[in-house]
Amino acid sequence: MVSEARILIAPSVLSADFADLGRQVRAVTEAGADLIHVDVMDGVFVPAISFGEVVVDAIRANTDVPLNIHLMIQEPENLLSTFAKVATDQILVHAEACGHLHRTVAKIKNMGHQVGVAINPGTPISAVEDVLSMLDMVMVMSVNPGASGQSFIPNSLDKIRRLKGIIDQAKYNAQIEVDGGIKADATALDSIKAGATILVAGSAIFNKQETIPEAMKAMRGCIAGAF
Ligand code: DX5
Ligand code: ZN
């Protein structure tokens with residue numbers, strides 16, 4: 001089991017107040033976000049459209065925390081140079097959205113970014129296995145992508161466990177990231193125990209019930225409970 005300090009919280013700004021985005025990004029930075037998760041949706045790969053590089057650039061201007069860019073875009077290869085211009089640190093593409101996944105992953109690496117591949121709840125691990133050695137992150141979607149505030153799909157835990165087994169056995173470097181329905185409860189705790197080290201959390205961090213520092217503290221407390 002990894003140490004507590006290695007578990008990273010990546011608040012997803014999709015749940016933030018977009019009329020106050022700069023301030024919310026600064027608040028989550030001050031509250032100790034390890035990464036900032038940025039959901040780009042194209043209205044094709046997923047039904048919704050979120051935002052593009054102009055907003056990513058605005059987020060970048062408000063934080064020094066690495067951006068963890070989740071591209072929910074069909075054939076993201078065509079747009080990589082656009083996102084590269086806004087100095088994104090980590091770029092994740094979907095296995096399901098890439099006609100040539102190996103080439104897209106190699107391209108992101110060659111651009112000097114950290115690279116991750118996400119797989120949907122209905123997508124088997126085999127979809128990512130042959131590029132796993134190239135990855136910094138592999139992201140298990142624990143909801144169907146497209147919206148925040150959905151419930152965690154329980155058999156994501158088994159997928160995380162199986163991925164962890166493959167990564168450990170082959171001594172790959174990929175960290176396991178989990179995205180969707182993560183709260184400061186069993187969903188976070190069990191994901192860590194299964195092998196995830198990066199927790200994406202949208203509505204658990206940006207909500208009306210608690211302040212951002214309170215929500216971050218609750219998530220940190222929950223993580224501590226796993227050790
Ligand atoms: C869903 C997005 C998630 C989302 C998570 O398609 O990829 O990153 O913002 O939101 P919560 O944590 O509320 O499920
Ligand atoms: Zn996401």
Side-chain angles (χ1 to χ4, degrees), residues 7-46 48-94 97 104-105 107-118 135-137 139 145-149 175 177-180 182 197-208 210-220:
I7 307 298
L8 307 182
I9 304 176
S12 165
V13 293
L14 192 61
S15 295
D17 175 359
F18 275 72
D20 199 16
L21 189 57
R23 197 146 40 146
Q24 297 238 304
V25 168
R26 293 194 297 278
V28 89
T29 300
E30 278 160 29
D34 299 294
L35 303 168
I36 294 189
H37 184 83
V38 179
D39 289 303
V40 179
M41 302 180 183
D42 67 351
V44 178
F45 179 65
V46 290
I49 296 175
S50 58
F51 48 76
E53 71 279 9
V54 176
V55 174
V56 177
D57 202 17
I59 295 169
R60 171 76 295 164
N62 279 280
T63 185
D64 291 328
V65 168
L67 303 187
N68 181 251
I69 310 279
H70 178 191
L71 295 180
M72 283 166 272
I73 294 179
Q74 195 62 38
E75 291 303 341
E77 209 176 315
N78 307 328
L79 277 169
L80 290 179
S81 53
T82 306
F83 283 97
K85 282 195 202 108
V86 292
T88 54
D89 307 274
Q90 305 179 332
I91 296 182
L92 297 106
V93 295
H94 267 265
T104 304
V105 166
K107 192 168 170 184
I108 297 171
K109 275 175 92 76
N110 289 339
M111 290 166 111
H113 302 293
Q114 290 197 346
V115 59
V117 174
L135 302 184
D136 298 288
M137 289 145 293
M139 189 159 82
S148 52
Q175 291 195 66
E177 178 165 357
V178 58
D179 183 9
I182 295 289
T197 55
I198 305 175
L199 307 178
V200 176
S203 48
I205 302 297
F206 300 99
N207 60 62
K208 292 200 162 60
E210 49 195 349
T211 65
I212 289 170
E214 282 167 357
M216 285 292 290
K217 195 173 165 199
M219 191 61 79
R220 278 273 166 241

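The figures here come from the full heavy-atom set of this structure, side chains too, leaving out hydrogens, waters and symmetry mates.
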What closest approach, in Å, do [X] and [Y] show between heavy atoms, and which atom pair accounts for it?
X	Y	answer
Ile59	Leu21	CG1-CD2, 4.0 Å
Ala204	Met219	CB-CE, 3.9 Å
Pro76	Ala97	CD-O, 3.7 Å
Gly202	Ser15	C-OG, 3.2 Å
Phe51	Val40	O-CG1, 3.2 Å
Phe18	Val13	CE1-O, 3.3 Å

List in chain and number order the residues that pass side-chain hydrogen bond (donor to acceptor under 3.5 Å, both in side chains) with [X], two or more places apart in sequence or in another chain; answer none if no residue qualifies.
X	value
Asp17	none
Asp42	none
Glu53	none
Ser50	none

Give, for atom [atom1] of [X] and atom [atom2] of [Y], the distance between the pair rounded to the nearest 0.5 Å.
X	Y	atom1	atom2	value
Leu71	Met41	CG	CE	11.5 Å
Gln24	Thr63	CD	OG1	13.0 Å
Lys109	Leu135	NZ	CG	7.5 Å
Phe83	Ile73	CZ	CD1	4.5 Å
Ile36	Thr29	CD1	OG1	4.0 Å
Asn68	Leu8	CG	CG	9.5 Å

May I ask you to test the [X]-[Y] pair for a side-chain heavy-atom distance under 4.5 Å?
X	Y	answer
Val115	Leu92	no
Gln90	Asp136	no
Pro145	His94	yes

Residue pairs fulfilling ring-ring contact (aromatic ring centres under 6.0 Å, His included) with at least one residue in residues 20-39, sequence neighbours excluded: His37-His70

Any side-chain hydrogen bond (donor to acceptor under 3.5 Å, both in side chains) pairs touching residues 79-88, not counting sequence neighbours? none

Kindly determine whether Asp39 and Asp179 satisfy side-chain contact (heavy atoms from CB on, under 4.5 Å), including the steps that lead there. CA-CA 11 Å; Asp39 289 303; Asp179 183 9; 4.2 Å; yes

Go through the structure and list residues passing side chain to side chain contact (heavy atoms under 4.5 Å, CB included) with [X], not counting sequence neighbours.
X	value
Ala84	Met111, His113
Glu77	Leu80, Arg103, Thr104, Lys107
Ile49	none
Ala215	Ile205, Glu210

Only pairs at least two apart or in different chains count here, so list each salt bridge (charged side-chain N to carboxylate O under 4.0 Å, His left out) that has a residue in residues 18-28. Asp20-Arg23

Residue Lys217 excluded, over 12 heavy atoms near NZ under 6.0 Å: no

Sorted by chain and number, sequence neighbours left out, salt bridge (charged side-chain N to carboxylate O under 4.0 Å, His left out) with Asp89 holds for Arg60

Checking side-chain contact (heavy atoms from CB on, under 4.5 Å) for the pair Ile198/Met137: CA distance, chi angles, key distance, verdict? CA-CA 9 Å; Ile198 305 175; Met137 289 145 293; 3.8 Å; yes

